[in-house]
Amino acid sequence: TALRSLLSITRAKLRQDDQEFDVAKKALITGITGQDGAYLAQLLLSKGYEVHGLARRSSTSDVNLSRLQWLGIEKDVRIVDGDLLDLSGLVRTVTDIKPDELYNLAAQSFVASSWQQPVLTGNVTGLGVTNVLEAIRLAKPDTRFYQASSSEMYGLVQQPVQSETTPFYPRSPYAVAKLYGHWITVNYRESFGIHASSGILFNHESPLRGIEFVTRKVTDSVARIKLGLSKELRLGNTSAKRDWGHAKDYVRAMWLMLQQDTPDDYVVATGRTSTVRTMCEIAFSHVGLNIDDHLVIDEALFRPAEVEILLGDPAKAKAKLGWETSISMEELIREMVDADMARHRKA
Ligand code: NAP
Ligand code: GDD
């Protein structure tokens, strides 16, 4: 009898080990159709995750998967219809998928639009975070949660270099909404013990960046000018300074945060800042053009309240996550110009 029970315990243990070995971790990404969603999905797939993505249905096409297609992974992710505004749908999704990790990247993320749509921005970018956290709390409280917080929260900067302890001073409806999302994440961690981390990410770009953001607007225009498709580039405040990194590097930091035993908040930045004009000069000179022959300053593109400078201190991310940026701003902008040249040549 003793031998039989020893055998059955050993078999049960082997089955358990098998399951632990075989079963892939499941991740759910909101905002999977966006820049970061696409790169994060690619990273998680490369690590053997089963990747699910929440996406909004649209009447013109089922879902815009162009970024996932660009990376060649659109068939590898499982898309589920959903919206950050729909709590019951989110609860159903978390109940069905039972994710080990949930990355909340969805947002109305364009700062300039947030003055035009402040209520929508507040609902999606702010309260939407609570909807996702509620879905976790109700349906699977041991899900690890990542919130996409933003350096925009520093706004009118209170310290020359911004770290996790720098006070916030948001300067746009978007930043105010992100600040709410940031603190509700901290609150659910402290109130309910949810493994919830917040990444305070500084600007990060790539060839998959939306065309409305300044780097991509510049690299796309430079490519068009070089190819004779356009003559000028109209910009607003070119003296604003940003700490720009590559999105591919930054999604790695998101994943690292959820692999820690203890949830926490981290600044993710390069530690270097440049003006919009310097970034433009890199783009123009990469294709042998002179910026002053093409740049036009347009007062209509200035913002009602500007964030003049952002410069992050990534020391904590380096010390605790072992995270470092690997792509310089020059390499990033040249890669974006090359990608836009290739796109326009093909079109
Ligand atoms: P993005 O390209 O603008 O992507 C935003 C995503 O959110 C898209 O997939 C969009 O879907 C989705 N979305 C918008 N409203 C939604 C709603 N109501 N329900 C569900 N999904 C919705 O942004 P990103 O650059 O990848 O940034 C990812 C996240 O990081 C955002 O939260 C952004 O605010 C934050 N962040 C970005 C940076 C940066 O420099 N990139 C820095 C700090 C923080 P559609 O395709 O349907 O529009
Ligand atoms: N978009 C845009 N278009 N920005 C311009 C232009 C223009 O024609 N001309 C000057 N700028 C300046 C803006 O005034 C701002 O100071 C800077 O370029 C960067 O603008 P964006 O690229 O639109 O990014 P952002 O810094 O406002 O916001 C991005 O980074 C945040 C993190 O700091 C977004 O990705 C946010 O979602 C993110 O949270």
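Just so you know, ligand 1 is whichever comes first in the structure, and atom 1 is the first atom listed for that ligand. Numbering of residues begins at 1 and proceeds along the displayed sequence.
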Practice task
Please name the residue in the list V51, L54, D36 that meets the side chain to side chain contact (heavy atoms under 4.5 Å, CB included) test with I29.
Solution key: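 Of all the options given, the one that passes is V51.
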Exercise for the section: Using the side chain to side chain contact (heavy atoms under 4.5 Å, CB included) rule, pick out the option among T185, L105, N104, L102 that qualifies with Y146. Expected result: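 Per the side chain to side chain contact (heavy atoms under 4.5 Å, CB included) rule, the option paired with Y146 is L105, out of T185, L105, N104, L102.
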Practice task
Mind checking the CD1-CG spacing from I211 to D220? Nearest 0.5 Å is all I need.
Solution key: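 The CG atom of D220 is 3.5 Å from CD1 of I211, to the nearest 0.5 Å.
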Ligand 2 versus [X]: contacting region, heavy-atom distance under 4.0 Å:
X	result
V111	side chain
D298	neither
F110	side chain

Options [options], ranked by nearest heavy atom to [atom], top entry:
atom	options	answer
atom 3 (O) of ligand 1	S109, A269, G245	S109
atom 46 (O) of ligand 1	V268, T33, V251	T33
atom 27 (O) of ligand 2	E152, Q35, R303	R303
atom 7 (O) of ligand 1	G37, A107, G34	A107
atom 36 (N) of ligand 1	W244, Y174, Y250, F213	Y174
atom 17 (C) of ligand 1	D83, V129, L208	D83
atom 16 (C) of ligand 1	K178, E212, R56	R56

Handout entry: Residue pair R216 / S206: nearest heavy atoms and the distance that separates them
Key =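 Here R216 and S206 meet closest at CD-O, 4.5 Å.
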Problem - Salt-bridge contact K217-E205 (side-chain N to carboxylate O under 4.0 Å) - result: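 Salt bridge: no.
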Practice task
For the pair D142 and K98, find out whether any cationic side-chain nitrogen is under 4.0 Å from an anionic carboxylate oxygen.
Solution key: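 Here D142 does not pair with K98 in a salt bridge, since their nearest N and O are not under 4.0 Å apart.
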Problem - For K217, atoms of ligand 2 separated by under 4.0 Å from a heavy atom - result: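 Matching atoms, with element in brackets: 7 (C), 8 (O).
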Fill in the blank from the handout: When K25, K26, R144 are each screened for salt bridge (charged side-chain N to carboxylate O under 4.0 Å, His left out) with E101, the one that passes is K25
Handout entry: Under 4.0 Å to a heavy atom of N203 - the qualifying atoms of ligand 1, by number
Key =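 So the atoms of ligand 1 that pass are 40 (O).
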